[in-house]
Amino acid sequence: MGAKERAVTATVLVLIALLAAVDLLIDLRDGVTAWHVLAEALVATAACFGAFYLLRGGWELRRRLDVQAHDFSVFRQQAEAWRAESRNHVEGLSRAIARQLDQWQLSDAEKEVAFLLLKGLSLKDIAAARRTTEKTARVQSSAVYAKAGLAGRSELSAFFLEDLLPPAAASSSVDRR
């Protein structure tokens with residue numbers, strides 16, 4: 001139930017409780033039988049409990065949403081701090097990769113394909129991103145591998161990323177084979 005529906009329902013229940021209370025007071029003044037007064041008192045009480053239950057649920061939901069909004073804000077601040085801190089490293093890595101691609105004497109198109117391969121894009125996605133055919137992306141990726149002396153995408157990725165892994169992680173991955 002949304003907040004608006006919850007508020008409308010609680011308002012209706014409060015009105016029912018008020019009307020039942022007014023009717024109860026009139027009945028008491030007029031000397032109506034005890035069971036009738038008790039029944040109206042139960043209706044008024046049930047309506048009050050229902051309104052309280054709905055309002056309490058809304059308040060609890062609001063509190064949880066506030067906590068989540070705060071947590072998300074903290075997460076975004078941490079993510080931005082990490083991005084800012086790592087930006088220099090990432091830019092340095094990008095420049096180092098570009099220098100290596102220059103050493104392999106890749107064309108500008110082949111360099112672009114190499115970067116997209118390293119990002120994990122499929123040949124179909126590379127073709128779409130570069131507005132070429134998939135066959136062109138395949139030929140250019142083959143040229144990248146040939147000029148680099150590598151067998152394929154996994155060797156291209158390993159060439160640049162292998163030294164980024166800590167020695168313990170590298171040795172444990174070898175042990176698993």
Side-chain angles (χ1 to χ4, degrees), residues 1-11 49-177:
M1 180 180 294
K4 187 174 181 178
E5 292 86 3
R6 188 182 305 268
V8 168
T9 305
T11 302
F49 278 121
F52 174 75
Y53 177 79
L54 287 171
L55 292 173
R56 185 182 60 87
W59 292 323
E60 178 64 24
L61 180 61
R62 181 87 224 125
R63 188 192 63 76
R64 285 195 322 242
L65 287 174
D66 289 344
V67 168
Q68 286 180 345
H70 176 265
D71 291 349
F72 184 68
S73 175
V74 169
F75 170 76
R76 289 183 71 178
Q77 289 172 352
Q78 291 172 343
E80 187 55 40
W82 183 87
R83 268 189 230 101
E85 183 180 322
S86 65
R87 189 170 288 126
N88 289 336
H89 300 294
V90 171
E91 289 171 359
L93 178 60
S94 181
R95 286 190 299 272
I97 291 171
R99 281 193 303 273
Q100 182 61 50
L101 298 179
D102 287 338
Q103 287 179 1
W104 287 337
Q105 299 179 347
L106 300 181
S107 70
D108 289 342
E110 291 165 345
K111 288 178 195 174
E112 187 178 356
V113 168
F115 272 110
L116 294 173
L117 288 167
L118 289 171
K119 287 183 176 187
L121 272 68
S122 68
L123 292 176
K124 183 178 180 179
D125 293 336
I126 291 171
R130 299 191 66 248
R131 293 188 176 95
T132 63
T133 65
E134 194 171 339
K135 182 178 179 183
T136 300
R138 184 175 292 107
V139 168
Q140 290 171 328
S141 64
S142 294
V144 169
Y145 304 140
K147 290 180 180 181
L150 301 170
R153 180 190 301 255
S154 59
E155 285 189 14
L156 177 67
S157 296
F159 184 90
F160 293 108
L161 301 176
E162 186 173 6
D163 292 335
L164 296 177
L165 296 175
S171 65
S172 67
S173 66
V174 172
D175 293 341
R176 283 190 231 142
R177 290 186 201 170

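What you see is a predicted model, and the numbers here were worked out from it, not measured in a lab.
- Across all non-hydrogen atoms, the minimal contact from Leu117 to Ile126 is CD2-CD1, 3.6 Å.
- Legend: side-chain hydrogen bond (donor to acceptor under 3.5 Å, both in side chains) pairs involving residues 115-124, not counting sequence neighbours, sorted by first then second residue: Ser122-Asp125.
- The minimum heavy-atom distance between Glu80 and Arg87, with the atom names listed, is OE2-NH2, 3.9 Å.
- Listed for the Ser142 side chain is a donor-acceptor partner under 3.5 Å among the backbone atoms of Arg138.
- Listed here is the closest heavy atom pair of Gly152 and Tyr145: C-CE2, 3.4 Å.
- Between Ala10 and Ala51, the shortest heavy-atom distance links the atoms O-CB, 3.8 Å.
- Of all heavy-atom pairs between Lys147 and Leu106, the closest is CD-CD2, 3.6 Å.
- For Glu91, the CD atom counts as densely surrounded, since its 6.0 Å shell holds more than 12 non-hydrogen atoms of other residues, nucleotides or ligands.
- Between Arg153 and Leu121, the closest heavy-atom pair is NH1-O, 2.7 Å.
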Could you walk me through whether Leu116 and Glu112 pass the side-chain contact (heavy atoms from CB on, under 4.5 Å) test, one step at a time? CA-CA 6 Å; Leu116 294 173; Glu112 187 178 356; 4.3 Å; yes

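- Side-chain atoms of Ser141 come within 3.5 Å of backbone atoms of Ala137 as a donor-acceptor pair (strictly under, hydrogens ignored).
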Could you go through the side-chain contact (heavy atoms from CB on, under 4.5 Å) check for Phe159 and Leu118 one step at a time? CA-CA 10 Å; Phe159 184 90; Leu118 289 171; over 6 Å; no

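- In terms of the side chain to side chain donor-acceptor pair (under 3.5 Å) criterion, residue partners of Ser107 (sequence neighbours excluded) are, by chain and number, Glu110.
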